[in-house]
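The figures here come from the full heavy-atom set of this structure, side chains too, leaving out hydrogens, waters and symmetry mates.
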Amino acid sequence: MIDIKAYIESGILEDYLSGNVTDQERREVDCLSKIYPEIKTELNQLSEAVERYAFAHRVAPPAGLKDKIMAQLVFADDVKEVSVNDLPANKATEEEADETPVYKLDSRQPSFQWGWVAAASIAALIGSAVYFNARLDTLNTSLAQQNVELSQKNELIANLNNADNQFVTLKGVDKSPNSAVRVVWNPKTQEVQLNVLSLPVPAAGKQYQLWGLVGGKPVDLGVFDVNGVMQKMKNAPQAEAFAVTLEKSGGSPTPTLSEMYVMGKVSS
């Protein structure tokens, strides 16, 4: 089985888009992109990035370029129309005996073949530069996102290692005995973090909400998603217990006790 991640990171997709691949490599990319959605998605994203970059950095042709090209084309056509009758009559040499004489054209005649080759080469270089700059922008954006995520994770780990933290396990009640949620609460900083261990996926239009019991009254600590990731909730200056209920999306000002899923007391 192919290692999709390694294949994408090998640079073959970049070479494919720039045309710097063999026929076999091209057929391989075409085949694998149809088999593996990850490869097809990466290929589409790279192609779109190149198009966006090229459009953003497009350069208008110099003024008068079209007129110059058309004038050269007309001049070339005029040269091609030179016939034997147009040549000087005093050229009496052995070349007159040749039924298909060869004439040297004026050195002013432009060499369009080489001109177009040069233009194509320049276009290819510009295209490659545009493509790789777009790829570099994509990689830089991805790196920046990874740095942000890493910073957030490091901050989370530092907060979890705080000696003042209290870990409260909220266990399932009769409505959902197999559910469980862990709350990390720091009484000094008042910060509250939550990690879903086990909760049923809520129905459409519903969302779980965390409550802190303060002085016997429930205090809203925010809604959260069932994604298995540690989530930061609203601060709680005091708490005797924590509970989770299922409410409408966006939360409720008061808990629906019949929809309570888990609850746990704070150690004294």
Side-chain angles (χ1 to χ4, degrees), residues 1-61 116-161 180-182 184 193-208 222-233 249:
M1 178 179 294
I2 184 175
D3 186 337
I4 298 177
K5 182 178 179 182
Y7 186 79
I8 291 175
E9 294 177 350
S10 69
I12 184 66
L13 301 185
E14 289 88 341
D15 291 339
Y16 173 87
L17 289 175
S18 63
N20 189 26
V21 291
T22 64
D23 289 341
Q24 181 178 351
E25 290 172 331
R26 177 178 53 77
R27 289 192 295 269
E28 179 183 89
V29 173
D30 289 337
C31 180
L32 293 178
S33 63
K34 294 177 181 178
I35 298 175
Y36 298 101
E38 298 91 337
I39 295 178
K40 181 65 174 178
T41 299
E42 180 70 13
L43 197 59
N44 289 339
Q45 290 176 347
L46 288 175
S47 178
E48 291 173 1
V50 172
E51 291 178 3
R52 289 195 300 270
Y53 189 92
F55 182 79
H57 296 79
R58 64 190 186 278
V59 178
W116 286 117
V117 169
S121 299
I122 294 173
L125 290 174
I126 294 175
S128 297
V130 169
Y131 170 75
F132 286 111
N133 282 335
R135 179 59 174 167
L136 182 59
D137 288 344
T138 302
L139 293 177
N140 286 337
T141 300
S142 177
L143 181 60
Q145 292 174 345
Q146 291 178 8
N147 287 335
V148 171
E149 293 175 0
L150 180 61
S151 177
Q152 293 174 342
K153 289 179 180 178
N154 289 337
E155 181 182 358
L156 179 60
I157 292 174
N159 291 336
L160 292 177
N161 289 334
V181 172
R182 179 168 291 125
V184 182
Q193 298 177 78
L194 174 148
N195 184 29
V196 176
L197 301 179
S198 177
L199 275 177
V201 177
K206 294 287 186 177
Q207 199 169 17
Y208 287 109
V223 295
F224 59 91
D225 298 321
V226 182
N227 54 18
V229 177
M230 187 69 72
Q231 303 174 64
K232 188 172 183 179
M233 310 301 293
S249 293

Let me confirm one number: the [atom1]-[atom2] distance from [X] to [Y], rounded to the nearest 0.5 Å.
X	Y	atom1	atom2	answer
Leu194	Met233	CG	CE	5.5 Å
Ile12	Leu17	CD1	CG	10.0 Å
Glu42	Glu9	CD	CD	9.0 Å
Lys40	Leu13	NZ	CG	11.0 Å
Arg182	Gln193	CZ	CD	13.0 Å

Provide the closest heavy-atom pair for [X] versus [Y] in the form atom of the first, atom of the second, distance.
X	Y	value
Pro202	Val226	CD-CG2, 4.0 Å
Lys206	Ser249	N-OG, 3.4 Å
Ser33	Leu43	CB-CD2, 4.3 Å

Check whether any side-chain heavy atom of [X] lies under 4.5 Å from a side-chain heavy atom of [Y], and answer yes or no.
X	Y	result
Asn195	Gln231	no
Val196	Leu199	yes
Glu25	Asp15	no
Leu197	Val181	no

Check your understanding: Just by distance, with hydrogens left out, do Tyr208 and Asp225 show a side-chain donor and acceptor under 3.5 Å apart?
Key -> no
Check your understanding: Would you say the side-chain atoms of Tyr7 and Glu28 include a donor-acceptor pair closer than 3.5 Å?
Key ->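 Yes - a donor-acceptor pair under 3.5 Å links their side chains.
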**Study point:** Ion pair check, Arg26 and Asp23, cut-off under 4.0 Å
**Key:**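 Salt bridge: yes.
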